[in-house]
Novice: 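My questions all concern the structure below.
Because only heavy atoms are used, hydrogens play no part in the values below, and waters and symmetry mates are left out as well, while side chains stay in.
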Amino acid sequence: MISWKIEEVGFDSRNIASNGNKFLTGNGYMGVRGTLEEFTKENLVAVNLAGIYDRVGQGWREPLNAPNGLFTTLRIDEEEFSILKIQPYFHRCSLDYRKALFSRNTVWKTKRGQVEIESERFVSLDEPHLIVMKYSITANFHADIELITGIDGDVWDIHGPHYDYLSLSIKNNDLIAVGTTHENKDKVYVVETCKCDFVNETNYSVDDKRVLRHVSFITDPGTKYTLTKWISVFTSRDDTGCRDESEAVRLVEDCSMKGYDHCRNAHIKKWEEKWSVSEVIIEGDDAAMEALNYSLYHLHSIAPRHARSMSIAARGLSGQTYKGAVFWDTEMFMLDFFIFTEPEVAKTLLRYRIDTLGGAMAKAKHYGYDGAFYAWESQEGGYDACSDYNVTDVFTGRPMRTYFKDKQVHISSAIVYGIMKYIDITGDESLLWENGAQGWKTIIECARFYYSLLLKKLDSDYYEIHDVVGPDEYHERVNNNGYTNRMAKYTFDTAIRVIDLIDRIQDDLAQKIRSEYPVEQLREKFSDASAHIFIPRPGKDGVIQQFDGYYDLEDATPSILKGRLLHEKEYWGGAYGVASNTRVIKQADVVTWLAMFPKDFPVETMLANWNYYEPRTEHGSSLSACMYALLACRCGYPDLAYPFFLKSATVDLIGGGKQWAGLVYIGGTHPAAQGGAYMTAVRGFGGLDFEDGKIKIKPRLPKSWRSLRFKIWHRGRLYLIEETGESAKITPVG
Ligand code: BGC
């Protein structure tokens, strides 16, 4: 039995940033960091919004944080009681991640007696625009209380301020904040309404940052006084195209009429629906089960169910880090979870890529290539938010030239991989052909992109790809990165598959496609490219060289390099990085290739590469450990995989991951690692695979796991997979 609960007892201000991630609540539309009600932007409070961005001057373009409608603080006998100022007698915050409820309980001792506050809040899964909070006070004496609660518009920004104009007002019992962004004059509407179950005197105050109500009353000893807040958040970028605050007002009024319990029950019911499909049950290892389902909680909390075409940022909805941008993390690490448990979400994620094909084609053109070169850090419209100088040098304080944006060409193949994976597992081809969705075009354009990258030496039979950055970002501008070339080959093969499919679809569309593309010629070109692209082969020792010349670099280990650092936040890659001229890599690279294409080589080769690269891998990206875990499972070594799996699954539970790349803050939640943990559980340990359209299971459970149970959607049907030891049962359940 697992508790489905995490909690922290006692207050330590050093944990504020990591608790913000650990206790995050969200519903895909917005994410509310796990901060306390009295916190402000200095404590990294954020109501982070999905898919709406702003840029101020030359600063980085980043997603918006909405004005914080949860803000609440307290005066007792005219003294402010904030946990930041007055050490509590007792404090606990907890997250019930089965029900997605955050709660807090704090007791202070004052000169006259004891005061306890309890709060519970949730970001409704039932209503994407809604946050609800209940806040109670109990004193054991006649305390003179002033509760100050409302909307704090002084939001945390990394590259802001993003609201050029913030209007704050009070209408009836509603507090209203409307922010207008700098770049596109987008609007963010936040409305808060409040109900008290006790008699009080309420006053209001407004300044240029906050609109607040001041609720005053005297407590009767032992009586609990409860205030409930309903907060709605809308933006002019919503699919429904919100034009003013009226919708936001309507929502809080409607929900406050229905009451707290009603909203809470509806929210919990929605979460139960999610868990009824996605819960993974591990008998014999509660710690793993807890960490894995906690990871799934995070993936559910950031799934964009409210939109038709939207993806997930690398740091989810935990703030503005990584510019709220979408990376290959979604397709290569998170997608399995959604395909298996909620295929509609997977489709929404992929539609985002298909819909941003224009941006990818513009990027390819900009660099002088054909086809579609997807954004390394994708924002709306496929705009690449990655800057040419993406890391700040700790020694000089100057921006460093990095090549993530212009050379990490493997990104386009991840999109192709994601689309085809979705189609193969769900059997749903609509992404390829559906109205307006041009999956076919996306795939063909990605193949055209790689085709235009191919180089051939005059006396060689091979095509090569030069000057790239592979998954291991510490080695920039390398030639023939094995992962990249293999993914390019996969893209050519997939484009050929799609061209073959065109013959099968309705005439009109086929005709249109043929009029736009010389498909027969493309088929020939791509076949030739696939047959002749250089794919590095294993050497005598079975090891595949990561890129041309990798073996010429100094052989070192991460711990040797740590000893050479002159500064703890120093960047390991780039021109002068400690790793750049050594064989130490940032994250799984060849190993990612082998984990994704387990049929390419025999087990001995996969194992040889695992053994060679692991001691040379810093695991400086949270995307690394799960790939090692997955490959170890594929080699038949679940116990070797286990610590890597646990590292992925506990990434936000334990916290402490890398917080800095040079001087750039990169903290937040790690959805790719969470998705990777799921992938390892079901595909690695669970041995889930597909052959000829059928589910195939080959259990490889770690020693301590007595059994593993999970459900997956496959071709429109829900299946329960039950594994014990080496036996497995697949039962259709819906
Ligand atoms: C990793 C990338 C990853 C990005 C976002 C970087 O540190 O090297 O592979 O896509 O973080 O998670």
Novice: Quick one: list whatever passes salt bridge (Lys or Arg N to Asp or Glu O under 4.0 Å) with Lys540, sequence neighbours left out.
Specialist: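 Not a single residue meets the salt bridge (Lys or Arg N to Asp or Glu O under 4.0 Å) criterion with Lys540.
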Novice: Going by atom types alone, do Ser530 and Asp493 pair a side-chain donor with an acceptor below 3.5 Å?
Specialist: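 Result is yes, a qualifying pair exists.
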Novice: Say whether Asp393 and Thr396, considering side chains only, have a donor N or O and an acceptor N or O under 3.5 Å apart.
Specialist: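 There is such a pair (donor and acceptor under 3.5 Å, judged by atom type) between the side chains of Asp393 and Thr396.
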Novice: Any sub-3.5 Å donor-acceptor pair from Ser460's side-chain atoms to Lys456's backbone N or O?
Specialist: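 Checking the backbone N and O of Lys456 against the side chain of Ser460, no donor-acceptor pair under 3.5 Å is found.
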Novice: Would you call the rings of Phe373 and Phe449 parallel, tilted or perpendicular, taking 30° and 60° as the class edges?
Specialist: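 Phe373 vs Phe449 ring planes: parallel.
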Novice: Check whether any side-chain N or O of Thr557 sits under 3.5 Å from a backbone N or O of Ile560 as a donor-acceptor pair, and report yes or no.
Specialist: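 Judged by distance alone, yes, a pair lies under 3.5 Å.
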Novice: Extract all donor-acceptor atom pairs below 3.5 Å that involve side chains of residues 319-329 and protein atoms in other chains or at least two apart in sequence.
Specialist:
from, atom 1, to, atom 2, distance (Å)
Gln320, OE1, Ile158, N, 3.0
Gln320, NE2, Pro63, O, 2.9
Gln320, NE2, Asp157, OD1, 3.0
Thr321, OG1, Gly667, O, 2.7
Lys323, NZ, Glu377, OE1, 2.7
Lys323, NZ, Asn390, OD1, 2.8

Novice: Does the pair Asp384/Lys363 count as a salt bridge with the N-to-O cut at 4.0 Å?
Specialist: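 The answer is yes: the pair qualifies as a salt bridge.
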Novice: Tell me whether the centres of the aromatic rings in His619 and Tyr628 are closer together than 6.0 Å.
Specialist: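 Yes, close enough.
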Novice: Show your reasoning for whether ring-ring contact (aromatic ring centres under 6.0 Å, His included) applies to Phe644 and Trp610.
Specialist: CA-CA 12 Å; Phe644 293 90; Trp610 198 102; 5.5 Å; yes
Novice: Is the backbone of Ala288 close enough, under 3.5 Å, to the side chain of Asp285 for a donor and an acceptor to pair up by distance?
Specialist: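 Between the backbone of Ala288 and the side chain of Asp285 there is a qualifying donor-acceptor contact (under 3.5 Å).
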Novice: Can you check whether Tyr474 and Tyr571 have ring centres sitting under 6.0 Å from each other?
Specialist: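 Under 6.0 Å, so yes.
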Novice: Can you give me the closest heavy-atom contact between Gly542 and Thr605, atom names plus distance?
Specialist: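 Taking every non-hydrogen atom into account, O-CG2, 3.4 Å.
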Novice: For the pair Glu554 (side chain) and Asn581 (backbone), establish whether a donor and an acceptor sit closer than 3.5 Å, ignoring hydrogens and angles.
Specialist: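 Checking the backbone N and O of Asn581 against the side chain of Glu554, no donor-acceptor pair under 3.5 Å is found.
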Novice: Tell me the closest heavy-atom pair linking Ala677 and Cys626, and the distance in Å.
Specialist: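 Result for this residue pair: N-CB, 4.2 Å.
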Novice: Looking only at side chains, do Tyr403 and Glu473 share a donor and an acceptor under 3.5 Å apart?
Specialist: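 Short answer, no.
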Novice: Side chain of Thr402, backbone of Phe404: donor and acceptor closer than 3.5 Å?
Specialist: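 Here the side-chain-to-backbone pair does not exist.
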Novice: Can a donor-acceptor pair be found, under 3.5 Å and without considering hydrogens, that links the side chain of Ser412 to the backbone of Ala372?
Specialist: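 Side chain of Ser412 to backbone of Ala372: a pair is present.
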Novice: Quick one: do the Ser378 and Tyr352 side chains pair a donor with an acceptor below 3.5 Å?
Specialist: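 Present: a donor and an acceptor within the cut-off.
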Novice: Quick one: does Arg55's side chain have a donor or acceptor within less than 3.5 Å of a partner on Gly59's backbone?
Specialist: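 Pair found, side chain donor or acceptor close to backbone of Gly59.
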Novice: Checking His567 side chain against Lys569 main chain: does a donor-acceptor pair fall under 3.5 Å?
Specialist: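 Checked: pair present.
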Novice: Determine whether more than 12 heavy atoms belonging to other residues, nucleotides or ligands lie under 6.0 Å from atom OH of Tyr369.
Specialist: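 Open: at most 12 neighbouring heavy atoms sit under 6.0 Å from OH of Tyr369.
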Novice: How about Gln587 and Asp472: does a side-chain donor come under 3.5 Å of a side-chain acceptor?
Specialist: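 Side-chain D/A pair, Gln587 to Asp472: absent.
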Novice: For Val651 and Ala673, which heavy atoms make the closest approach, and how far apart are they?
Specialist: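 Closest pair (atom of Val651, atom of Ala673, distance): CG1-CB, 3.7 Å.
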Novice: Does Pro638 reach the side chain of Leu701, with side-chain heavy atoms less than 4.5 Å apart?
Specialist: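 With C-beta onward as the side chain, the pair stays apart.
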Novice: Ignoring hydrogens and angles, state whether a donor on the side chain of His475 or Gln546 is under 3.5 Å from an acceptor on the partner side chain.
Specialist: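 The criterion, which ignores hydrogens and geometry beyond distance, is not satisfied for Gln546 and His475.
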Novice: Is there a donor-acceptor pair closer than 3.5 Å between any side-chain N or O of Tyr374 and the backbone N or O of Cys446?
Specialist: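 Here the side-chain-to-backbone pair does not exist.
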Novice: Please determine whether the number of non-hydrogen atoms from other residues, nucleotides or ligands lying under 6.0 Å from atom CG of Asp461 exceeds 12.
Specialist: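 Counting other residues, nucleotides and ligands, CG of Asp461 stays at 12 neighbours or fewer.
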Novice: Is the backbone of Phe534 close enough, under 3.5 Å, to the side chain of Asn485 for a donor and an acceptor to pair up by distance?
Specialist: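 Looks like yes, one N/O pair under 3.5 Å.
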Novice: So, Asp406 versus Trp376: side-chain donor-acceptor pair below 3.5 Å or not?
Specialist: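 Trp376 and Asp406 do not have a side-chain donor-acceptor pair below 3.5 Å.
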Novice: Should we count CD of Glu524 as having more than 12 external heavy atoms under 6.0 Å?
Specialist: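 Check fails, neighbour count at 12 or below.
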Novice: For Asn479 and Asp467, does a side-chain donor sit closer than 3.5 Å to a side-chain acceptor?
Specialist: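 Their side chains do not contain a donor-acceptor pair, so the 3.5 Å distance test is not met.
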Novice: So, applying ring-ring contact (aromatic ring centres under 6.0 Å, His included) with Tyr417, which one of Tyr490, Trp593, Tyr483 is it?
Specialist: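 Exactly one candidate clears the test, Tyr490.
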Novice: Please indicate whether Tyr637 has more than 12 foreign heavy atoms, meaning atoms of other residues, nucleotides or ligands, lying under 6.0 Å from its OH.
Specialist: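 Atom OH in Tyr637 is not crowded, with 12 or fewer foreign heavy atoms closer than 6.0 Å.
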Novice: Tell me yes or no: between the side chains of Asp652 and Asn21, is some donor less than 3.5 Å from an acceptor?
Specialist: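 On atom types as modelled, these side chains do not qualify, holding no pair under 3.5 Å.
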Novice: Is the terminal nitrogen or CZ of Arg33 (NZ for Lys, CZ for Arg) located under 6.0 angstrom from the six-membered ring centre of Phe23 and within 45° of that ring's axis?
Specialist: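 The answer is no, since Arg33 fails at least one limit relative to Phe23.
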Novice: His670 and Ser622: which non-hydrogen atoms are nearest, and at how many Å?
Specialist: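 Residues His670 and Ser622, closest heavy atoms: CD2-OG, 3.3 Å.
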Novice: Kindly give the heavy-atom pair with the smallest separation between Ala681 and Leu292, and that separation in Å.
Specialist: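 Looks like CB-CD2, 3.6 Å.
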Novice: Can a donor-acceptor pair be found between the side chains of Arg583 and Tyr612 at a distance below 3.5 Å?
Specialist: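 Per modelled atom types, Arg583 and Tyr612 side chains form a pair under 3.5 Å.
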Novice: Which atom names give the shortest non-hydrogen contact between Ala629 and Ala641, and what distance separates them?
Specialist: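 Looks like O-CB, 3.2 Å.
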Novice: Could you tell me whether Tyr367 atom OH has more than 12 heavy atoms of other residues or ligands within 6.0 Å of it?
Specialist: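 Count over threshold, so yes.
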Novice: Is it true that, when you exclude Phe395 itself, more than 12 heavy atoms of the residues, nucleotides or ligands shown sit nearer than 6.0 Å to its CZ?
Specialist: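 Counting other residues, nucleotides and ligands, CZ of Phe395 exceeds 12 neighbours.
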